[in-house]
Amino acid sequence: MDSSPSSPSTSSASTSSTSSTSSASSASVASAASSVAGDTSCPYAPVQWPLSRRGDVVPAECAELRRDSPIARIRTLTGDDAWLVTSYALARQVLEDDRFSLRDTAAPDVPRQYALTIPASAVNTMGNVNSAGLHQEVLRAFGPRTGPASAQWMSRRAHDLVDVMVEEGAPLDLRQRFAEPYSAALVCQVLGLPYEDGLRLMSGLDLGFVTSPVVFDGCTANWDKDFAFVLRHVRAARSDQSGLIRRLCELRDDARRDGGDLTDEMIAATVTSLFGAGAMSTYVFLLHAVLTLVQHPDVVERLRKNPQEMPRAVEELMRCTLSIGDGLPRIARADVRVGEVLVRAGELVLVCVEGANFDPRQFPDPERFDLDRTGNNHLSFGAGRHFCPASAISRVHAAEALTVLVGRLPRLRLALPADQLVWRTGNIKRVPERLPVLW
């Protein structure tokens, strides 16, 4: 992995790939592209997967592979074979084609990008529940207009946290003092979990996103603990329930609706999965968004004067930040041609989101953080059947937080050089261990 790229400049969202040291050369990557499609003797692309965990520099391998071998054979952390997709067009093809399955990535004896260190049922909980009623309730709960967490509610939570920050004084860790509690508040409000318990759940959340080449002793302990906690709320008296937990229990008990197959355990698994995915994704994105914005003070000033532009800024930040650290995995259910490669049934395909989101054929001048970018159809929420059901509320959550931070802390900046940030290893996300800030 690349451990010594230069820090990003203030004129782009991240340093271009040419400024990052890479283990892959263009010539050797090109040789991988010349292999015969579908040939099991196809050489491996000379990249180490996963790519660099540093979250402020686009890995150089993305541009090289995208140019020379947009679908390339790699070896994963577990030693399994996989096809890595780095171009926008091929990434969208894979994500939108139902012949590529997310659910099957949890099946036994399939190739994996890392060991399955959570129960298989948790990988695709929503896909395992064939209930239109449940799907509708989840979408309704995570709707910024139909759910319990409105934009005004989120703005108040952000202001409350900034009040505490200002009283404490700088420097402080924005992750601990703002991003984590703000995200926990949202997810708890939506799911119907007490906020104090949400903070406790957050403290062990990282354990659920560990990447390891092998299953290790105790790897499911945190999931088991959180699942048992949520299950107690599912089995509580109806008068003590709220949020999605209550709505799913009502769905289960209403014979007139499509929820009769739901069990307490299925509801608890759904809620536990949604807490982990929702809290982790939103707080990590906020850290990346702030890290990008503080390197563009002209954009911060523009957003402070024109807060109505924040939704557009959030969209560009979602495209150009690098919080997604692994590939979006799919198992082929049939032989499918992807570019010049015939992917065989049963093979693993990994969609490299940072490769797709920085594809110059889709996004002109992709390294530039461009507040006026149009046609910003990034893949940070996925695409197709597994498009993120919380995409709308995630956008509002980010916009409200950043509007408050920019408005109240206009001189918000890092308390140390960006290249001295410590990035977590062995995690699905690219996470800075701390984000110390001044204002």
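Just so we're clear, the structure is a prediction, and the values are computed from it rather than from any experiment. Scope of the values below: all heavy atoms of this structure, side chains included, with no hydrogens, waters or symmetry mates.
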With a 4.0 Å cut-off on N to O distance, would you call K305 and E301 a salt bridge?
yes
For a side-chain hydrogen bond (donor to acceptor under 3.5 Å, both in side chains) check, start with the C-alpha distance between T78 and T76, then their side-chain angles and the critical distance, and finish with the verdict.
CA-CA 5 Å; T78 60; T76 69; 2.9 Å; yes
Flag the pair F381 / P389 as yes when at least one side-chain heavy-atom distance between them is below 4.5 Å, and no otherwise.
no
Could you check whether atom CZ of R256 has more than 12 heavy atoms from other residues, nucleotides or ligands sitting under 6.0 Å from it?
no
Any side-chain heavy atom of R53 within less than 4.5 Å of one from R430?
yes
Which distance, rounded to the nearest 0.5 Å, do you find between the CG of L174 and the CG of L405?
6.0 Å
With sequence neighbours excluded, tell me which residues meet side chain to side chain contact (heavy atoms under 4.5 Å, CB included) with A332.
F100, V343
Carboxylate-amine/guanidinium contact E315 R312, below 4.0 Å
no
Intermediate values then yes/no, salt bridge (charged side-chain N to carboxylate O under 4.0 Å, His left out), R252 and D264:
CA-CA 9 Å; R252 176 200 58 200; D264 289 352; 2.3 Å; yes
Less than 4.5 Å apart, any side-chain heavy atom of P119 and any of T220?
yes
Quick test of your reading of the model: are D197 and R232 salt-bridged, counting only N-O distances below 4.0 Å?
no
Within the structure provided, determine whether L293 and L317 are in side-chain contact (heavy-atom separation under 4.5 Å).
yes
Side chain to side chain, L191 and L274, heavy atoms closer than 4.5 Å:
yes
Check: D359 and P366 side chains under 4.5 Å, non-hydrogen atoms
no
Which residues pass the ring-ring contact (aromatic ring centres under 6.0 Å, His included) test with Y88, not counting sequence neighbours?
F363
Quick one: does H386's side chain get under 4.5 Å of L95's, heavy atoms only?
no
With a 4.0 Å cut-off, would you call R238 and D253 a salt bridge?
yes
Please confirm whether R319 makes a cation-pi placement over F358, using NZ or CZ under 6.0 Å from the six-membered ring centre and within 45° of the ring normal.
yes
Euclidean distance, D206 CG relative to E433 CD, rounded to 0.5 Å:
7.5 Å
For R330 and L102, run side-chain contact (heavy atoms from CB on, under 4.5 Å): C-alpha distance rounded to whole Å, both residues' side-chain angles, the deciding distance at 0.1 Å, then the answer.
CA-CA 5 Å; R330 300 291 187 268; L102 173 60; 3.8 Å; yes
Which pairs pass side chain to side chain donor-acceptor pair (under 3.5 Å) with one or both residues in residues 156-174, sequence neighbours excluded?
R157-D160, H159-R408, D163-R408, E168-R177
Set of ring-ring contact (aromatic ring centres under 6.0 Å, His included) partners for Y114, sequence neighbours left out:
none
List the steps and the verdict of side-chain contact (heavy atoms from CB on, under 4.5 Å) for F216 and V210.
CA-CA 11 Å; F216 54 90; V210 170; 4.2 Å; yes
Before giving the answer on side-chain contact (heavy atoms from CB on, under 4.5 Å), spell out for M318 and S323 the whole-Å C-alpha distance, their side-chain angles and the decisive distance to 0.1 Å.
CA-CA 9 Å; M318 287 180 171; S323 63; over 6 Å; no
Beyond-backbone contact of L199 with P181, side-chain heavy atoms, under 4.5 angstrom:
yes
Should E64 and V47 be marked as a side-chain contact (heavy atoms from CB on, under 4.5 Å) after you check the CA-CA gap, both sets of side-chain angles, and the distance that decides it?
CA-CA 10 Å; E64 294 168 352; V47 299; over 6 Å; no
Residues that F229 engages under ring-ring contact (aromatic ring centres under 6.0 Å, His included), provided they are two or more places apart:
H233
Before you tell me yes or no, could you show the steps for R247 and E250 under salt bridge (charged side-chain N to carboxylate O under 4.0 Å, His left out), namely the whole-Å CA-CA distance, both residues' side-chain angles and the distance that decides it to 0.1 Å?
CA-CA 5 Å; R247 293 165 78 156; E250 290 173 345; over 6 Å; no
If you look only at pairs with a residue in residues 389-429, which of them pass as a ring pair (Phe, Tyr, Trp, His ring centres under 6.0 Å), with sequence neighbours excluded?
Y182-H397, H288-W423
